[in-house]
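One structure below.
All residue numbers in this chain count up from 1 along the given sequence.
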Amino acid sequence: MLAAVVALALSAGAAAAGPLPDRPAVTTLAGSGAPGIADGPAATATFLGPQGLAYDAKGDLYVADTPAQRIRMIDRRGIVTTVAGSGVLTLFGAGVGGGYRNGPALQARFNEPTGVAVAPDGTVYVADLRNRCIRAIHDGIVTTVAGSPQRVGGADGALAQASFTNPRSIAVDGQGTLWVADPPDGVRRIAHGVVSTLPVAAFDRARAVAVYGGTLYVATPRVVWAYDIARRKIVDGIATLLRERYPPLANPVEMKLIGPAVAVAGIAPSQFVYADDLYSTVTLVQYRKARTIGAPPLLDAGAIGGGFRSGVDARFAQPMGIALAPSGAIAVADTGNRRIRLIGPFDRTSYEADVHLPTAPNPHVYRIAIVGDSYVWDGVSAQESLGGVVRARLCARLARHPCNVEIIPIRFDGALFTDTASEVDQFLSDGLVNEVVLMATSFSFAPRDGDPARRIAAMAATLRALRAKTRASHTRLVVALFPDAFDMPDETTFGKLVNGPNYDPGTTLRHYRATLAQVRSSGVDAIDLWPAFFANDARPEYRTLFGAFDDHFTAHGNALFGDAVAADAIRHGFGTRP
């Protein structure tokens with residue numbers, strides 16, 4: 001048998017219900033796309049500029065339709081109604097004039113309501129931006145909870161005396177505590193009749209807040225922060241990429257996420273999604289690793305306004321709201337398209353947080369460790385990952401027999417080939433793994449010291465020593481050579497950024513051929529993926545193999561690589577004795 005990068009665990013419950021799709025399909029939940037404030041069936045209802053979103057426990061979705069000065073609701077039957085707010089269209093139909101009035105919900109007035117949240121008791125709270133206050137809708141009546149249109153600032157204290165500056169976003173936790181993003185005053189807390197400000201300087205420019213369990217997510221222009229409510233401290237911070245840094249960019253390798261978050265929603269422990277109105281994308285972040293939902297971002301999306309497309313390669317236009325449904329789906333306020341979009345449930349399995357090396361042999365499980373840089377796992381879900389592809393192909397080989405295949409990712413960030421290879425013996429001992437796939441990019445064996453021959457010869461010597469160790473531990477060693485995005489400048493924006501006019505394909509190919517010859521001379525099995533990668537770019541049915549902003553594999557890149565690893569394993573006897 002063989003194995004390759006990540007343990008793909010499938011629960012019995014998930015198996016019984018059938019696997020979730022790996023790439024979510026995006027559909028339109030409500031809105032025709034035409035501007036307006038018409039209620040009715042979701043397909044024909046119209047919005048002016050939906051922003052804040054929040055589900056209640058029953059699955060009804062509340063929408064802050066900001067320029068319409070209304071709070072709308074999409075019920076589980078697909079009917080859109082107005083639950084609060086009034087006023088007629090002005091400004092050539094582009095919006096409704098703002099106002100301030102409490103009382104019966106359909107007579108109440110708002111002034112740019114941008115955030116909405118639903119408490120456990122069903123009360124709907126609204127961040128009423130230009131009125132600088134927090135409103136509540138309960139039993140058909142609108143009231144003011146805190147703040148006043150006549151007061152501006154970040155004054156804390158009793159509800160009647162507190163003030164706000166720009167309350168943009170609101171969230172409510174399981175205890176009924178309200179959290180408000182109020183730049184430049186930070187994150188405000190409303191509980192027990194008192195407004196207070198979290199003493200965290202990093203939150204001064206908070207744009208959005210969301211609560212998942214005991215974590216408060218705070219989106220600022222540069223970072224999405226995770227704040228532990230009980231411990232009253234920041235526990236994580238995920239930096240985002242701003243348009244102002246691109247181009248030019250001092251260090252393109254640092255590019256991980258796209259654009260600043262304008263809305264955020266927690267979906268699981270250490271996992272959240274955020275809407276980026278600058279690049280018109282929705283991004284899933286799992287244990288600090290990100291992947292775009294739908295089509296990859298456009299470089300000029302900020303200038304052209306994104307787009308509108310449904311399906312697995314969906315596009316959005318300035319999305320400014322996001323919320324997790326009780327069903328596990330994710331609703332997006334696609335503001336520029338005047339629609340509410342729905343990201344269907346999908347497999348969000350991730351292994352970033354909990355990858356363990358085996359501690360004892362297991363004769364009933366075939367284990368493959370894939371060792372390399374961040375290619376071993378980045379930017380895709382479990383099924384689309386390199387390990388997921390390899391395991392699926394090998395399981396298909398076993399037909400009706402149990403698929404006792406385990407894939408283990410071993411990642412050494414930024415390491416050169418010789419450095420990575422020299423570390424392999426730290427986890428090799430008799431019988432713990434059956435196979436090691438050592439990934440080798442041109443970046444990892446590049447001649448940094450100006451002497452390509454010496455660098456490549458050193459790599460071959462390292463391989464020969466490593467081969468002796470793997471033989472002693474009854475482990476098969478395979479080296480998989482593949483080109484970087486650096487080597488394929490037409491493949492991605494990243495390749496063009498790094499290489500520019502200085503790209504020399506002749507030198508790159510000479511280094512590759514010399515490296516392949518040395519790998520083969522060392523006696524180690526080799527998988528040569530260079531021809532397949534370049535052949536892909538020459539085909540009419542060309543599919544992008546590398547991500548838009550970095551050199552990590554797309555789902556298609558993982559599929560090409562994973563197919564080759566699985567085929568190599570089968571050629572060497574995997575599945576002949578299930």
For the residue pair L284 and F346, establish whether any side-chain heavy-atom pair is separated by less than 4.5 Å. yes
Sub-4.5 Å side-chain heavy-atom contact between V437 and E435: yes
Side chains of L560 and L545: does their closest heavy-atom pair fall under 4.5 Å? yes
Given salt bridge (Lys or Arg N to Asp or Glu O under 4.0 Å), test D568 with R476 step by step and report yes or no. CA-CA 12 Å; D568 174 77; R476 179 171 177 253; 3.0 Å; yes
Hey, mind stepping through V285 and Q271 against side-chain contact (heavy atoms from CB on, under 4.5 Å) and telling me if it holds? CA-CA 6 Å; V285 180; Q271 301 183 47; over 6 Å; no
Is the positively charged end of R315 above the ring of F308, judged by distance under 6.0 angstrom from the centroid and angle within 45° of the axis? no
Just how far is it from atom CG of L477 to atom OG of S522, taken to the nearest 0.5 Å? 8.0 Å
Looking only at heavy atoms, what is the nearest atom pair of L438 and L463, with distance? CD2-CD2, 4.2 Å
Can you find a heavy atom in the side chain of W530 that is under 4.5 Å from one in the side chain of L481? yes
L216 and V209: CA distance, side-chain angles, deciding distance, side-chain contact (heavy atoms from CB on, under 4.5 Å) verdict: CA-CA 7 Å; L216 174 70; V209 289; 4.2 Å; yes
Exercise: identify the closest heavy-atom pair between R207 and T220: CD-C, 4.2 Å
Check whether any side-chain heavy atom of V282 lies under 4.5 Å from a side-chain heavy atom of I343, and answer yes or no. yes
Once rounded to the nearest 0.5 Å, what's the spacing between atom CD1 of I238 and atom OH of Y274? 10.0 Å
Going through the checks in order, is the side-chain contact (heavy atoms from CB on, under 4.5 Å) test met by Y217 and Y212? CA-CA 8 Å; Y217 289 103; Y212 184 87; 4.2 Å; yes
Relative to the ring of F482, is the ring of F533 parallel (under 30°), tilted (30 to 60°) or perpendicular (over 60°)? tilted
Testing the basics here: between P24 and G344, what is the closest heavy-atom pair and its distance to 0.1 Å? CB-O, 3.7 Å
Without swapping roles, check the side chain of R309 against the backbone of D313 for a donor-acceptor pair under 3.5 Å. yes
Verify whether the ring centers belonging to F553 and Y375 lie closer than 6.0 Å. yes
Using a 4.5 Å cut-off on heavy atoms from C-beta on, say whether the side chain of F574 contacts that of L394. yes
Say you draw a straight line from CG of L342 to CG of L29; how long is it, rounded to the nearest 0.5 Å? 5.5 Å
Please round to the nearest 0.5 Å and tell me the distance separating atom CG of D334 and atom CD1 of I340. 8.0 Å
Which distance, rounded to the nearest 0.5 Å, do you find between the CE of M320 and the OG of S169? 11.0 Å
Do R341 and F316 form a cation-pi contact, if we require the NZ or CZ to be under 6.0 Å from the six-membered ring centre and within 45 degrees of the ring's axis? yes
Between R393 and G388, is there a donor-acceptor pair closer than 3.5 Å when you use the side chain of the first and the backbone of the second? no
Where P319 and S280 come nearest, the two heavy atoms and their spacing: CD-CA, 3.6 Å
Test side-chain contact (heavy atoms from CB on, under 4.5 Å) on D276 and V262 and set out the steps. CA-CA 6 Å; D276 164 14; V262 70; over 6 Å; no
Working note: D528 + Y512, criterion side chain to side chain donor-acceptor pair (under 3.5 Å); need CA distance, chi angles, decisive distance, verdict. CA-CA 10 Å; D528 180 13; Y512 145 64; 2.6 Å; yes
Where do A261 and V224 come nearest, in terms of heavy atoms and distance? CB-CG2, 3.8 Å
Does some side-chain heavy atom of T283 sit less than 4.5 Å from a side-chain heavy atom of I293? no
Any side-chain to backbone donor/acceptor pair from N337 onto R339? Under 3.5 Å, distance only. no
Beyond-backbone contact of I330 with I322, side-chain heavy atoms, under 4.5 angstrom: yes
Minimum heavy-atom separation for P361 to L432, with atom names? N-CD2, 3.6 Å
Distance from L324 atom CG to L53 atom CG, nearest 0.5 Å? 11.5 Å
